[in-house]
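Here the structure comes first, spelled out in structure tokens, and everything after it is commentary.
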There are 2 protein chains.
Amino acid sequence: MTIYELIEILKTNHYKITAQRKALLQVMAEHADTLLLVDTIYEATKKRYPKTNMSTVYRNLEILESLDLLHKVANENGAMQYKLICCHHHHHHLICSQCGKIEAIDYCPLETLKEIAADKDFQLTAHKLELIGLCKHCAKKK
Amino acid sequence: MTIYELIEILKTNHYKITAQRKALLQVMAEHADTLLLVDTIYEATKKRYPKTNMSTVYRNLEILESLDLLHKVANENGAMQYKLICCHHHHHHLICSQCGKIEAIDYCPLETLKEIAADKDFQLTAHKLELIGLCKHCAKKK
DNA sequence: TTTGGTGCAAAGCGTTTGCACCCGC
DNA sequence: GCGGGTGCAAACGCTTTGCACCAAA
């Protein structure tokens with residue numbers, strides 16, 4: 001999604017477009033394929049808009065998440081990471097454990113999972129499939 | 001794994017068996033099929049050993065994790081959850097979103113995942129497949 | 001002009017740590 | 001008795017909040 005589209009969505013939802021908010025959107029759009037720590041987002045936003053404040057970053061991330069524009073997950077230490085939602089069709093991910101880069105894959109074993117859940121008398125509401133490893137770039141470095 | 005086996009492993013690794021540590025092991029063994037929040041573990045341990053202290057709980061959980069006896073994950077809010085590792089053979093899980101109960105399943109699409117990773121020039125090191133939903137018991141309640 | 005956005009500082013919460021004391025071995 | 005285990009309190013890192021001020025619409 002482009003920054004312009006994101007801004008339109010914010011306007012439609014009656015949010016004001018401030019310089020800081022725009023800077024944060026640009027940061028998220030530039031790294032649309034990577035899960036970013038809040039602190040990383042903060043530092044990158046500060047480069048574009050030096051007055052950027054951490055609490056404002058948190059507040060804006062929360063707004064974007066509530067509009068279903070951001071995906072939020074806790075990393076293994078419990079710190080929050082965000083990334084722009086790329087699209088709304090169902091898919092899974094390749095995740096680089098080194099740099100956090102994410103790539104979508106289309107494979108999904110849903111039909112099989114449904115059978116397994118039914119066998120176990122389990123009411124399936126969601127599922128998660130993640131492939132963790134090293135992207136081409138990071139594998140080369142090692 | 002029984003408490004006796006767990007205690008043996010601790011002894012082998014030169015850890016002392018204290019009343020508090022034993023109480024915590026009993027709690028973990030009683031809920032071997034459930035991801036527990038640290039605070040839940042703390043409260044349950046206190047019932048068995050009232051002097052139980054939160055920092056001791058954390059220190060013991062850390063020891064058990066370092067011995068590869070506990071599985072540690074951050075929940076969606078970033079708080080840590082633990083459960084006894086049931087066995088070391090590879091498998092995935094059904095997870096009840098209501099009560100946290102976990103059940104193992106044997107299905108694993110590893111062969112397919114290997115192909116996908118190879119196609120994308122991605123060096124696969126791990127993968128995660130989780131089925132989220134309601135267990136029989138919680139589905140009935142709703 | 002109005003109302004939401006922001007900076008700052010303080011509080012909140014889960015987790016870790018330093019230190020003196022305790023207790024299993 | 002020794003060395004690891006513990007309780008307590010304080011510090012920690014990340015996140016949230018209250019309030020006065022600022023600026024987009």
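Chain identifiers are assigned alphabetically (A, B, ...) following the order of the sequence lines, protein sequences preceding nucleic acid strands; residue numbering begins at 1 within each chain. The model shown is predicted, which means the values in this text are computed figures rather than measured ones.
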Specify the residues of residues 4-17 of chain B, ordered by number, for which at least one heavy atom lies under 4.0 angstrom from an atom of DNA chain C.
B:K16, B:I17

Give me, pair by pair, the N or O atoms of the protein and of nucleotides 16-18 of chain C that are less than 3.5 Å apart, along with how far apart they are.
residue : atom : partner : partner atom : Å
C:dG18  : O6   : B:R59   : NH1          : 3.2

Below 4.0 Å: OP1/OP2 of D:dG5 and any side-chain N or O of B:T56
no

Whole angstrom value for the distance that separates C1' of D:dT6 from NZ of B:K51
9 Å

Going by number, which of residues 36-49 of chain B have a non-hydrogen atom under 4.0 Å from DNA chain C?
B:V38

Which residue pairs pass the ring-ring contact (aromatic ring centres under 6.0 Å, His included) test with at least one member in residues 116-135 of chain A, sequence neighbours excluded?
A:H90-A:H127, A:H92-A:H127

Looking at B:E62, I'd like to know if its CD atom is crowded, meaning that more than 12 non-hydrogen atoms belonging to other residues, nucleotides or ligands lie closer than 6.0 Å.
no

Which residues pass the ring pair (Phe, Tyr, Trp, His ring centres under 6.0 Å) test with B:H91, sequence neighbours left out?
B:H89, B:H93

Could you tell me whether the phosphate oxygens of C:dT6, OP1 or OP2, come under 4.0 Å of any side-chain nitrogen or oxygen in A:N60?
yes

Whichever of B:A79 and B:A19 has the more 5' nearest nucleotide on DNA chain C, that residue is B:A79

Excluding sequence neighbours, so at least two apart, what forms side chain to side chain donor-acceptor pair (under 3.5 Å) with B:Q26?
B:R48

Do any side-chain nitrogens or oxygens of B:T18 fall under 4.0 Å of OP1 or OP2 in D:dG4?
no

Phosphate OP1/OP2 of C:dC23: any B:Q20 side-chain N/O under 4.0 Å
no

Check against side chain to side chain contact (heavy atoms under 4.5 Å, CB included), B:M28 and B:L36:
CA-CA 8 Å; B:M28 297 313 293; B:L36 300 173; 4.2 Å; yes

Whole angstrom value for the distance that separates P of C:dG7 from CZ of A:R21
11 Å

Taking side-chain contact (heavy atoms from CB on, under 4.5 Å) as the definition, give me every residue that meets it alongside A:E130, ordered by chain and number, with sequence neighbours left out.
A:I95, A:K128, A:I132, B:K128

With sequence neighbours left out, what residues match B:A118 under side-chain contact (heavy atoms from CB on, under 4.5 Å)?
none

Please check the phosphate of D:dG5 (OP1 and OP2 only) for any side-chain N or O of B:N53 closer than 4.0 Å.
no

Could I get the full list of side-chain contact (heavy atoms from CB on, under 4.5 Å) partners for A:A32, not counting sequence neighbours?
A:L84

Under the rule for side chain to side chain donor-acceptor pair (under 3.5 Å), what residues qualify as partners of B:E5, not counting sequence neighbours?
B:T2

Can you pull out every side chain to side chain donor-acceptor pair (under 3.5 Å) where at least one residue sits in residues 111-121 of chain B? Sequence neighbours excluded, please.
none

How would you list all residue pairs meeting ring-ring contact (aromatic ring centres under 6.0 Å, His included) that involve residues 1-51 of chain B, not counting sequence neighbours?
none

